[in-house]
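Data block below; observations after.
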Amino acid sequence: QVQLVESGGGSVQAGTSLRLSCKMYGRAVCISAMGWYRQAPGKERELVAALTPGGSTNYADSVKGRLTVSRDNAKDTLYLEMNSLKPEDTAVYYCGAQTIPQCGGSDFWGQGTQVTVSS
């Protein structure tokens with residue numbers, strides 16, 4: 001089993017920065033792809049940034065150039081560096097992970113962390 005715990009959210013002004021963290025507990029060695037998702041009120045959850053097992057990254061067009069995803073394997077932690085924040089970035093941010101087939105190939109989610117950006 002894998003558990004994901006996000007932290008680092010908060011209320012900030014537009015133009016400022018935040019760094020979200022996602023700590024992995026349990027069988028972190030089973031985790032392959034990981035990503036950050038967000039869900040704004042009244043909207044569906046959307047992929048913000050993905051990190052593939054090979055280290056490649058993919059970003060939503062709306063965040064390219066402002067958000068950066070990275071992983072520290074020594075700390076079993078996934079990060080999302082968020083710069084030049086905009087009010088439209090306001091949402092609950094979730095960390096998601098997929099496990100390798102040998103570990104069941106399941107998807108896991110964190111509990112979410114709120115990010116609120118005011119103009």
Side-chain angles (χ1 to χ4, degrees):
Q1 285 288 350
V2 171
Q3 292 179 323
L4 306 173
V5 179
E6 301 100 334
S7 62
S11 296
V12 297
Q13 295 286 325
T16 59
S17 301
L18 277 176
R19 187 176 77 161
L20 305 184
S21 299
C22 173
K23 175 70 174 177
M24 299 170 263
Y25 296 93
R27 302 186 68 186
V29 293
C30 288
I31 293 176
S32 57
M34 297 193 71
W36 286 97
Y37 299 75
R38 68 186 181 187
Q39 187 167 19
K43 296 186 177 181
E44 295 186 352
R45 189 174 299 188
E46 62 173 351
L47 176 66
V48 174
L51 184 63
T52 69
S56 298
T57 55
N58 293 299
Y59 297 94
D61 288 342
S62 59
V63 306
K64 284 182 180 178
R66 301 188 297 116
L67 274 59
T68 303
V69 60
S70 62
R71 178 176 176 175
D72 186 333
N73 290 324
K75 295 182 178 180
D76 289 336
T77 301
L78 184 75
Y79 299 101
L80 184 67
E81 191 73 39
M82 309 170 69
N83 298 311
S84 301
L85 283 163
K86 302 177 180 180
E88 50 264 44
D89 293 319
T90 295
V92 177
Y93 283 72
Y94 298 90
C95 173
Q98 293 178 335
T99 56
I100 58 177
Q102 297 87 333
C103 294
S106 301
D107 294 339
F108 292 90
W109 296 94
Q111 82 288 353
T113 185
Q114 177 71 46
V115 173
T116 302
V117 184
S118 57
S119 57

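Just so it is clear, the values below take in all heavy atoms, side chains as well, and ignore hydrogens, waters and symmetry mates. By convention here, the first residue in the shown sequence is residue 1.
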- Message: With a sphere of 6.0 Å drawn around CD of Gln3, does it hold more than 12 non-hydrogen atoms of other residues, nucleotides or ligands?
- Response: no
- Task: Could you name each residue pair satisfying salt bridge (charged side-chain N to carboxylate O under 4.0 Å, His left out) that touches residues 88-103, not counting sequence neighbours?
- Result: Arg38-Asp89, Arg66-Asp89
Is [Y] reachable from [X] through a run of hydrophobic residues whose side-chain heavy atoms are each under 4.5 Å from the next?
| X | Y | value |
| --- | --- | --- |
| Met24 | Tyr79 | no |
| Trp36 | Val92 | no |
| Val12 | Leu20 | yes |
| Leu67 | Val69 | yes |

- Item | Polar side-chain atom of Gln39 near backbone of Ala91 as donor-acceptor pair, under 3.5 Å | no
- Glu6 backbone acceptor or donor facing Tyr94 side chain under 3.5 Å: no
- Which value, rounded to the nearest 0.5 Å, describes the distance between Thr57 atom OG1 and Arg71 atom CZ? 14.0 Å
- Task: Give every residue pair that meets the side chain to side chain donor-acceptor pair (under 3.5 Å) criterion with at least one member in residues 19-33, sequence neighbours excluded.
- Result: none
- Task: Just do the side-chain contact (heavy atoms from CB on, under 4.5 Å) check on Tyr37 and Val48 with the steps written out, would you?
- Result: CA-CA 5 Å; Tyr37 299 75; Val48 174; 5.5 Å; no
- Taking only residues two or more places apart in sequence or in another chain, which ones pass salt bridge (charged side-chain N to carboxylate O under 4.0 Å, His left out) with Asp61? Lys64
